[in-house]
Amino acid sequence: MATITRPLPGGARVDEHRPRLSEYLRWSVDHKIIGVQYMVTTFMFFIIGGSLAMLFRTELLTPQLDLVQNGQQYNQLFTMHGTIMIFLWVIPFFAGLANYLVPLMLGAKDMAFPWLNAFAFWIIPVAGVFMISGWLAGQAEAGWTSYPPLSTLFSGDGQTMWAISLHLLGISSILGAINFIVTIKNMRPEGMGYFQMPLFVWAILATSIIVVMSTPFLAGALTLMILDRVAGTAFFNPAEGGDVLLWQNVFWFYSHPAVYIMVMPGFGIISEVLSVHSRKPIFGYRAIALSSMAIALVGFTVWAHHMFTALTPELRIPFMITSMIIAVPTGIKIFSWLGTLWGGKLHLRTAMLFGLGFLSMFVIGGINGVMVAAVPFDIMVHDTYFVVSHLHFVLFGGSVFTIYAGIYHWFPKITGRMLDERLGKIHFWITYPAFFFTFFPMNILGMLGMPRRVAVYAPEFQTLNVIVSISAFALGISTFILIYNVFHSLAYGKRAGANPWRALTLEWATTSPPPAHNFIGDPVPFKNPYGYGTEAAFAYVKAIEDHFGAPDEPPLTRELTPKPASSGD
Amino acid sequence: MSDGFSVNIMQQQHLLEQRELSRDELIALQNKRTGVTVFQISWIMAFVCLIVVNLQLRGDFASWPPPGVEALEKVLPTLATVGLLVSMALTRSGLKSIQREQLSVFKSQWGVAIGLGAAFLAVMAFEWVTLPFSGQYSTVFRVMIAYHAIHTIVIGYIMIRVYRNAANYDAVHNWAVEAAAKLWYFVTIAWVLFYVVIYLI
Amino acid sequence: MNQGNVNSNGRSMGMVWIIVAGLAIILGGLLLSTLTPDLFPAQGSMQAQQTDELFRFMLAIGGAIFLLVNGVLLFSVIRFRARKGDISDGPPIQGNTTLEFVWTVIPAIIVAVLTIYSYQVWTTNTAPQPNEKIVNVVGQRFAWSFNYDITADTLPEGVTLDDLSDDVRAQLADGQVISFSSPQLHTWVNQPIHAMLQTEDVNHAFWIPNMRIKQDLLAGRVTDIRFMPIETGVSRIECAELCGPGHGDMAGKVVTVDGEPVLQGAWLVVHADEQEYLREFFDPEAKRVLFPPADPVDLGRQILTSGKYPCSTCHTNTELGWSGNIGPNLNGVGSRAGNRIAGMTAADYIHDSVRNPTHFIVPGFSPLMPQFNDDPSQSNYMPESDLQAIIAFMLTQTQ
Ligand code: HEA
Ligand code: HEA
Ligand code: CUA
Ligand SMILES: [Cu+2]
């Protein structure tokens, strides 16, 4: 195997240069700046959404009302919590990370439409602030799912603001997705076919396809809701010939695919992180890539599983079947990741820990998902804490864990500094159990009979609720460790160098952070982005190191010849 | 114009562009093309959504139009639809004309196309205003028509801008014309879907 | 290179380990499923038994999958962890078609089995039964009521047609029903129930955890659900669909007694040894409706305690035993109401507050109260006679 791919055709070295703070505060069309703008903005929304959760978890410490004065205030809290977490945190955070990484992974200078990219970003803070200021007008109080007629005939003006703001966020999301699809289709470097793309890029492609196909349905539903609220139409008002199931159908036709919008990029992150940190090619590349497409496709056929207790009984079974089927492609991914770990050389850095944490916890969420897909069982646990548990296992244990893994993995690239590993491990070891004890007891609560969206509950549920709340506070506090780590490492972190994890994907074949147009010269991708364990790969990594200098970490006692691959049993 | 011929023109166009444009310009052009296509596929779903709304709502009534409600008048809208289809065809020929650098032909073709678009809007506005209120039947109609009209107006305005600017385009640099034309196809196709649902089924 | 040797040895050993681990995982799933205590509330219906069995089954499978994934994960972390300073790579294995096939097909089989089993449970749980009793359930913000019909054949014990006032008797003789509502649902062991659900305002969901049944009430539609109680007792009814500020308070009760109804078709005619129970529930209610008290204050009190209107969820009144706090406290309204709006008597003010509740809002409260209309064709119908009686009662609430 003499043909050695070298990452860059030689040429000048550039000095690492971090953009100044002021560049992040104004309009910029550089995808890296925009990516960071996205991520920082959405993280702030995460803290707001999380603080709301802390408030209602405090309320739920006792069975009576104490913190909030009435049910209305409570309803506003979780409505905003759910909406913020989904539309202002998980979805746009992934868009931000993808913004940063996709052009780099493709060896491109920027996204296909830089201006559009910036525009899509700036919608987000505007819409977010607008939505939150609904509190001045009587905040939305019908849950993030906002079923009419509660949301149309019985809610304050904040509900209209909620709808307008979601409309804007939807548009932002569509514009972003168009940009990704075009970038991925047209801007791959020479020698990178679809099946040589990093799996993160595949994941973004699949996500973007879901976004462009489903989000217009959200736009349609919200348009009707706004009209019903302000223009006197009666689409959702049965007294005048409207139909309340209409909203549920259209909303879920968007929102079920949306849950995959919220986890698919995370799957992409996991594929990167697990492979790099276990020094082993991803197991079953094609299966992982194509199962994303399968999930995207099947994901469009399952929406009514959220409506099992409302739907005409005969229609429930078909949706149960499709919902069950979707476990298979997801399973393919999970097992392929396990196959990747098997026999590798696992480096348990923080990024990897969160990746493994994801694997171990997401299964619980997924299995719960399959359980609620079984109609007779869902009839019992629908709209109970069982569902709340399911959604947090997949959204926190799924999306947020992968986001954390992604932050630890790519922070060195984005800032040029390593995050502190010791703090990172403390973060993980608090987050992981706190997460489990926040959300697992919710399963039991749901089965015992505690409905969701209530501020008052039967006294016998108090013990479990106290456990949940206290763990939730620990979970909240653990977030500050990450925040501290970020600031600390920005100031004092070890220099990362170009390729601290010795990875093969293209984003590592440039300085950290990358220069204005990402690469000096056109980078040449390694033919298999996960080809670890071969001499060619070793040479490729070494060429990067020769070119940019080795990182401070790992220690310099490294052996410079690749060991023969030891078999894994 | 036979199909073979138009395919030929497309190929010629691509060859021409490859000859005349730099690599970056080519990529940019290709990006815009893909971008518009993806946008079309995406945004047509918003119209599909309203179609779904229409279909689900009518399912709640014994018949459609609901008992006692008079059905929509079809003649004028059908004529308007034909007009819009013609307008789309003219838009397409206009794009070809620009690619052949026949400016005056382009001008006359797009002039008529825009005129037909305006006529279409006028007819639908008339229908919108004159339809008596009849509960859900008229509301769904009004919302669908208005929703489509907003797109027609915005994209029609883009067509007019391009039309006014026509002197600046040549065989290679005509992206604005192509984009406006493609968006106008979008308006037409979205309308045909609506037409079928509103008037035919 | 003596790899081959090690490998073939390793392979047969590997097979053994795989089988052992597989058995351990399956056993683990079964153990998990059988050792998990009963988390669901006590089984109150045939549906509950079916659903719980399905859950145990899913728990066994889910438990096994959980153990498999986390087992492999933990094993890998321990066994394949890179030692300090080891920066070599793992073997360049890209995939394995057989393996990938296996882990596609096995989950597919599992979900197929789950789907079929769930389908069977579903058909059993929802199949129409002979002798079903129809119950009319009405949900409104934020209370449940259950409507019962009195016909000439189902008069309370000791009451004959002759005892009734002329117009009531005429109505019954005419074949009309007189209905009254109760805040409780009454069911019988082994008596299949077919509940017809309607809402006066927003969507609600009718949920009896003990029976494992739940069905949404959809504005503008009538929905239904079936269940068959198998245990005596009192269980909670909850609202499971967000319906507004009082959603968490929207609870009710279902009482199940033993014994089969002797007469067909008559929802309220039950076996002789249930007479006592009946006397507690049906007779008094029916008598109250059939012989309304002459004194408007008494009539008002009766209407307010009957659960016909959902006032108790939101208001507090000591005499009536209400303790809601979503709306203003009604202790002492009689003395306050006259002072609220200049030129309005207390009676006018209360009348207006019911017919047009958003008109005047007591400071500190939100406009949440439903409007009660005088028009029978609208939702939240409250005849003027009822309202006058309620006002008469409220005026006695002085402090
Ligand atoms: C990231 C988000 C996310 C993800 C990935 C999922 C994944 C799944 N969800 Fe979930 N879901 C939500 C977010 C998500 N969900 C949210 C937010 C709600 C609540 C909305 C609300 O009402 O507020 C919800 C609610 C919800 C319901 C409605 C419950 C109710 O309201 O009553 C249902 C019902 O079918 C469901 C099903 C599923 C299924 C079958 C999957 C599957 O995709 C899971 C597949 C994964 C696995 C199964 C695990 C890995 C697989 C294996 C290890 C292979 C072997 C496994 C088997 C053979 C079973 N979800
Ligand atoms: C990505 C999505 C996401 C995320 C990350 C979370 C995170 C959390 N969620 Fe959320 N949740 C939803 C999505 C999400 N949730 C959705 C969609 C709903 C449904 C809404 C609806 O019904 O309409 C929901 C509903 C929901 C409920 C049910 C409410 C109800 O039905 O009554 C509960 C109850 O405990 C809950 C709790 C929590 C907690 C404790 C966290 C924690 O993980 C949060 C941790 C907090 C932080 C990480 C922020 C930083 C920390 C601080 C600022 C701490 C400061 C203060 C102290 C420590 C005291 N969530
Ligand atoms: Cu009624 Cu919630
Ligand atoms: Cu779903």
Side-chain angles (χ1 to χ4, degrees), chain A residues 70-72 143 147 149-150 154 238 244 278-281 283-284 287 309-310 313 317 321 324 327-328 331-332 335 338 341-347 356 359-360 363 367 371 374-377 379-380 382-383 444 447-449 451 453-456 532-534 557-558 562-563 565 567-569, chain C residues 10 14 39-41 51 54-55 58 62 65-66 69-70 72-73 76-77 80-82 85-95 100 103-104 107-108 111 114-115 118-119 121-122 125-126 202-203 205 209 212-216 218-220 238 240-248 326 366:
Chain A
N70 52 43
Q72 185 177 25
Y147 284 4
L150 183 61
F154 294 85
V244 291
S278 37
R279 308 304 310 160
K280 196 163 156 282
F283 195 97
T309 60
I317 297 302
I321 297 173
M324 293 268 182
V328 176
I332 293 178
F335 295 126
L338 289 176
L341 298 180
W342 194 266
K345 300 270 181 182
L346 276 57
H347 295 263
L356 298 174
L359 263 188
S360 66
V363 225
I367 291 169
M371 287 180 173
V375 181
F377 182 69
I379 294 297
M380 171 61 186
H382 169 69
D383 268 334
I444 301 170
M447 294 184 53
L448 289 174
R453 297 171 164 174
V454 296
V456 291
Y532 300 105
T534 60
T557 55
R558 50 180 55 216
K563 277 189 182 164
S567 58
D569 49 356
Chain C
L39 295 174
F40 282 130
T51 308
L54 173 66
F55 172 71
M58 293 197 296
I65 294 171
F66 172 80
V69 171
N70 280 282
V72 173
L73 189 97
S76 304
V77 166
F80 303 119
R81 188 172 175 172
D86 179 1
I87 57 136
S88 64
D89 286 357
I93 300 167
Q94 308 281 349
E100 288 172 42
W103 68 46
T104 309
V111 296
L114 275 182
T115 309
S118 305
Y119 177 71
V121 172
W122 174 244
N125 282 359
T126 55
V202 302
N203 299 356
R212 316 284 190 272
I213 55 148
K214 186 182 289 124
Q215 169 64 44
D216 287 12
L218 301 171
E238 304 220 35
E241 184 63 65
L242 180 61
C243 50
H247 164 61
I326 295 167
S366 319

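Residue numbering restarts at 1 for every chain, and letters A, B, ... go by the order of the sequence lines.
- For chain C, the option among A/I444, A/L356, A/V363, A/L338 with the highest count of heavy-atom pairs below 4.5 Å is A/L338.
- Contacts of A/Y147 with chain C are made by side-chain atoms alone, with heavy-atom separations under 4.5 Å and no backbone atom involved.
- Smallest separation of non-hydrogen atoms from A/L346 and A/S278: CD1-CB, 3.5 Å.
- Only the side chain of A/I317 comes within contact range of chain C, with heavy atoms under 4.5 Å apart.
- The greatest number of non-hydrogen atom pairs below 4.5 Å with chain C, out of A/N70, A/I332, A/L341, is found for A/I332.
- Ring planes of A/F283 and C/W103: tilted class, angle from 30 to 60°.
- Chain C forms the most heavy-atom pairs under 4.5 Å with one residue out of A/P281, A/A327, A/P451, and that residue is A/P281.
- For the pair C/R81 and C/S76, the minimum side-chain heavy-atom distance is 4.5 Å or more.
- Here A/I379 is the residue among A/I379, A/V456, A/L359 with the most heavy-atom pairs under 4.5 Å with chain C.
- With a 4.5 angstrom heavy-atom cutoff, A/I367 touches chain C only via side-chain atoms.
- For a residue to count as touching a neighbouring chain, one of its non-hydrogen atoms must lie under 4.5 Å from one of that chain's; by this rule C/N203 touches chain A with backbone and side chain alike.
- For the pair A/L150 and C/L242, the tightest heavy-atom approach, listed with the atom from each and the gap, is CD2-O, 3.5 Å.
- Among C/P107, C/S118, C/C243, the residue making the largest number of heavy-atom pairs under 4.5 Å with chain A is C/S118.
- In this structure, A/P376 and C/W122 approach most closely via the heavy-atom pair CG-N, 3.9 Å.
- Surrounding OH of C/Y119 are at most 12 heavy atoms belonging to other residues, nucleotides or ligands under 6.0 Å away.
- A/A374 touches chain C through backbone and side chain together, each having a heavy atom under 4.5 Å away.
- For the pair C/F40 and A/M380, the tightest heavy-atom approach, listed with the atom from each and the gap, is CE2-CG, 3.6 Å.
- Among the candidates C/E238, C/Q94, C/E100, C/K214, the residue making the largest number of heavy-atom pairs closer than 4.5 Å to chain A is C/K214.
- Of the listed residues (C/L54, C/I93, C/V72), the greatest number of heavy-atom pairs within a distance under 4.5 Å of chain A belongs to C/I93.
- Looking at C/T126, there are no atoms closer than 4.5 Å to chain A (heavy atoms on both sides), in backbone or side chain.
- Of all the heavy atoms in A/V244 and A/P149, the pair that sits closest is CG1-CD, 3.4 Å.
- Using a 4.5 Å heavy-atom threshold, the side chains of A/R279 and C/S88 count as separate.
- When C/T51, C/I65, C/I326, C/V69 are compared by the number of non-hydrogen pairs under 4.5 Å with chain A, C/V69 comes out ahead.
- With chain A as the partner, the residue from C/G220, C/G244, C/A205, C/A108 showing the most heavy-atom pairs under 4.5 Å is C/G244.
- For the atom pair NE2 of A/H382 and CD of C/E241, the computed distance is 5.0 Å after rounding to the nearest 0.5 Å.
- No other option in C/V202, C/I213, C/V77 has as many heavy-atom pairs under 4.5 Å with chain A as C/V202.
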